[in-house]
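Below is one structure, written out as structure tokens, with a few remarks after it.
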Number of protein chains: 2
Amino acid sequence: MNKLRAIQLFVRLAELGSFTRVAEQLNTSKSVISKEVSRLEEDLGVRLLHRTTRNVQLTHAGEGYLQRAREILAQLEAADSFVQDLQQAPRGRLKINAPMALGITELSRMFADFMRAYPDIELDIHLGDEDVDLVEQGFDLGFRASSQPLDLAYVGRPLTRFGYHVCAAPQYLQQHEPIVSVDDLRSHNCFEYSYFKGKNVWPLDDGVRIGGTLRVNSVIFMLTAIKSGLGLGLVPEFLCREALASGELVEVLPDARKPELTLYALYPARHFVPARVLQCIDFLEAWFLRQR
Amino acid sequence: MNKLRAIQLFVRLAELGSFTRVAEQLNTSKSVISKEVSRLEEDLGVRLLHRTTRNVQLTHAGEGYLQRAREILAQLEAADSFVQDLQQAPRGRLKINAPMALGITELSRMFADFMRAYPDIELDIHLGDEDVDLVEQGFDLGFRASSQPLDLAYVGRPLTRFGYHVCAAPQYLQQHEPIVSVDDLRSHNCFEYSYFKGKNVWPLDDGVRIGGTLRVNSVIFMLTAIKSGLGLGLVPEFLCREALASGELVEVLPDARKPELTLYALYPARHFVPARVLQCIDFLEAWFLRQR
DNA sequence: CCTGTTGTTTTCAAATTGGAAACAGTTTTA
DNA sequence: TAAAACTGTTTCCAATTTGAAAACAACAGG
């Protein structure tokens with residue numbers, strides 16, 4: 001038995017309350033979880049959990065062990081960070097979460113530079129636009145674009161600000177009615193981004209309810225559709241900058257009032273923040289300053 | 001790599017200053033020690049020891065890690081013995097309060113099993129349906145059936161849920177008017193349980209005021225009267241289950257809405273709850289889970 | 001330049017592990 | 001009431017990892 005892993009599994013299990021979910025979250029089979037936790041119980045000679053087919057609940061012994069196990073794992077992590085931070089060049093693994101669109105544009109260039117600067121740091125980058133809990137999923141760092149301040153459980157550092165543009169292909173604009181006011185959008189094919197907070201109301205001036213033939217959870221996908229001349233989209237600046245410069249896309253309603261978002265780097269407010277995380281954030285801040 | 005064992009080996013190694021001696025002391029080969037410690041260093045990305053052919057000495061990082069590692073191992077050991085002490089064949093007396101009806105049915109079987117499992121625990125069981133103050137009377141544990149959450153001065157663990165049935169003897173039903181609706185009960189001989197919260201209003205559908213020739217503070221007594229064909233009673237499921245199965249009693253108005261009660265195990269929210277109490281509750285929970 | 005001792009590496013049989021599938025329960029659904 | 005859908009556990013076997021011995025490399029001391 002790998003006792004340390006068994007303990008980690010037990011803690012996870014206590015949090016999620018289900019063998020199946022732990023297995024899913026760790027991309028392994030539930031038999032592994034079951035066997036390892038059973039072995040831990042056997043090793044201790046104590047039942048830590050009551051199992052039923054519907055849920056798992058801690059025994060009294062399990063509750064006591066959980067509390068101590070958490071502490072021990074935290075201390076071990078701190079010990080590891082301690083020795084790693086003594087090294088001159090930071091090393092270790094950084095698990096990072098970022099929005100898809102941002103990840104494959106700005107951040108891909110940024111992290112290429114980062115890897116050059118810190119060749120001993122392993123990056124584990126998860127791109128996705130679903131809401132994730134950084135702590136629960138073990139992320140060291142996350143990127144969020146927001147117009148409001150952020151969750152207090154995290155430390156957030158503003159990196160840069162960016163806006164949106166309403167974009168269309170020149171071809172589309174030729175073939176359709178001209179757009180001179182925000183209200184004209186109502187009669188156009190405006191694409192909707194599924195995760196967009198305003199849903200089908202674009203925050204132009206006082207807001208305009210739009211409609212169209214495409215609703216998709218990827219701005220990249222949407223951008224391709226726009227470039228093909230199929231419709232209009234509200235696209236983050238960093239995504240359309242190139243296409244606007246080259247003339248492949250044209251900005252519509254450049255003078256309409258549009259919101260500005262701030263891009264934050266977030267990290268869990270732990271007791272011991274590993275040096276590599278802080279170092280990475282310093283790098284981020286410097287990098288984005290240089291870009292402007 | 002078994003990290004925990006690697007850490008243990010590292011600590012031993014730092015103490016003995018020699019791979020060979022660690023191997024000897026643990027009755028294993030030195031290759032194991034060498035490989036495992038190397039793997040730990042690799043995992044951390046940090047050299048913990050300077051090796052020469054003559055002796056082993058800690059690096060700066062190694063010293064820091066050693067100190068933390070010792071602490072972690074000590075805490076782990078403490079956690080292990082903590083749960084094991086909880087488990088240790090507990091002894092002593094458990095003073096327990098339970099409702100009469102429950103005590104002479106379910107609980108009598110449950111505690112028979114418990115006594116087999118923990119032969120060193122003395123049980124002092126007080127059955128009774130009066131309201132008692134557990135703390136004042138020195139009870140370690142009490143059982144309460146309730147539809148609402150419980151007094152905050154106690155810690156309560158839900159054990160099982162059960163319902164009620166309106167029961168009568170077949171003989172009684174033959175000799176009296178048929179009962180097809182809740183309201184029909186008004187004209188029947190419905191027995192009243194003195195401690196019942198609703199007094200003479202049975203909580204069927206929207207409630208029905210009943211009356212009859214027996215009012216008694218023992219459901220067992222009442223059950224005997226019902227079996228004799230003298231009248232109807234509102235009886236907890238666990239009490240009439242057998243009689244219903246054997247046909248000795250028949251359920252009346254099975255489709256009427258009836259309340260469901262949760263059976264709780266209660267113990268005073270003291271600072272130090274004796275291990276035997278916690279142990280007993282774990283046993284209870286497991287037992288009732290198994291029953292279902 | 002041996003000799004004895006150190007830690008590391010190699011080797012390969014033996015033990016352990018991990019995932020799929022079968023299984024035994026239970027709850028939910030139709 | 002039967003079927004479907006989950007639960008956690010167990011079984012099975014290929015794949016990996018482990019461990020002890022032996023070979024090896026490095027070095028101190030005679």
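The NE2 atom of B:His50 sits 16 Å away from the C1' atom of C:dG7 (whole-angstrom rounding). In this structure, A:Phe10 atom CZ and D:dG8 atom C1' are separated by 16 Å, rounded to whole Å. Atom CG in B:Leu13 sits roughly 14 Å away from atom C1' in C:dT8 (whole-Å rounding). Atom P of nucleotide D:dG8 and atom CG of A:Leu48 are separated by 16 Å, given to the nearest angstrom. Residue B:Glu41 contributes atom CD, which lies 12 Å from atom C1' of C:dG7 at whole-angstrom precision. Atom pair A:Ile33:CD1 and D:dT10:C1' shows a separation of 16 Å (rounding to whole Å applied). When rounded to the nearest whole Å, the span between CD of A:Glu24 and C1' of D:dT7 equals 12 Å.
The local environment of CD in B:Glu242 is sparse, with at most 12 non-hydrogen atoms from other residues, nucleotides or ligands closer than 6.0 Å.
Taking side-chain N and O atoms only, B:Arg51 has no distance below 4.0 Å to OP1 or OP2 of C:dT6. At the phosphate of C:dG18, neither OP1 nor OP2 sits under 4.0 Å from any side-chain N or O atom of A:Thr28.
In this structure, B:Arg157 forms no cation-pi arrangement with B:Tyr264, as its terminal cationic atom is not both closer than 6.0 Å to the ring centre and no more than 45° off the ring axis.
Heavy atoms of A:Ser18 sit under 4.0 angstrom from primed sugar atoms or phosphate atoms, though from no base atom.
Ring-plane geometry between A:Phe114 and A:Tyr118 is classed as tilted, the angle between the planes lying from 30 to 60 degrees on a 0 to 90 degree scale. Aromatic ring pairs are classed by plane angle as parallel below 30°, tilted from 30° to 60° and perpendicular above 60°; the pair B:Phe162 and B:Phe238 is perpendicular.
Scanning for side-chain hydrogen bond (donor to acceptor under 3.5 Å, both in side chains) contacts around B:Arg39 gives B:Glu36, with sequence neighbours left out. Qualifying side-chain hydrogen bond (donor to acceptor under 3.5 Å, both in side chains) partners for B:Asn97, counting only residues two or more places apart in sequence or in other chains: B:Arg144.
For a distance-only test at 3.5 Å, the side chain of B:Ser31 qualifies as a donor-acceptor partner of the base of D:dA20. No hydrogens or angles were tested; on distance alone, nothing pairs the side chain of A:Ser34 with the base of D:dG8 as donor and acceptor under 3.5 Å.
The side chain of A:Phe19 lies closest to D:dG8, out of D:dA20, D:dG8, C:dG7. Each of C:dG7, D:dT7, C:dG19 was ranked by its minimum atom distance to the side chain of A:Thr20; first place goes to D:dT7.
Looking at B:Gln57 and B:His50, their side chains never bring a donor and an acceptor atom within 3.5 Å of each other.
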If you restrict it to nitrogen or oxygen atoms, what contacts under 3.5 Å exist between nucleotides 15-18 of chain D and the protein, and what is each distance?
unit_1 : atom_1 : unit_2  : atom_2 : d
D:dT18 : OP2    : B:Arg39 : NH1    : 3.3

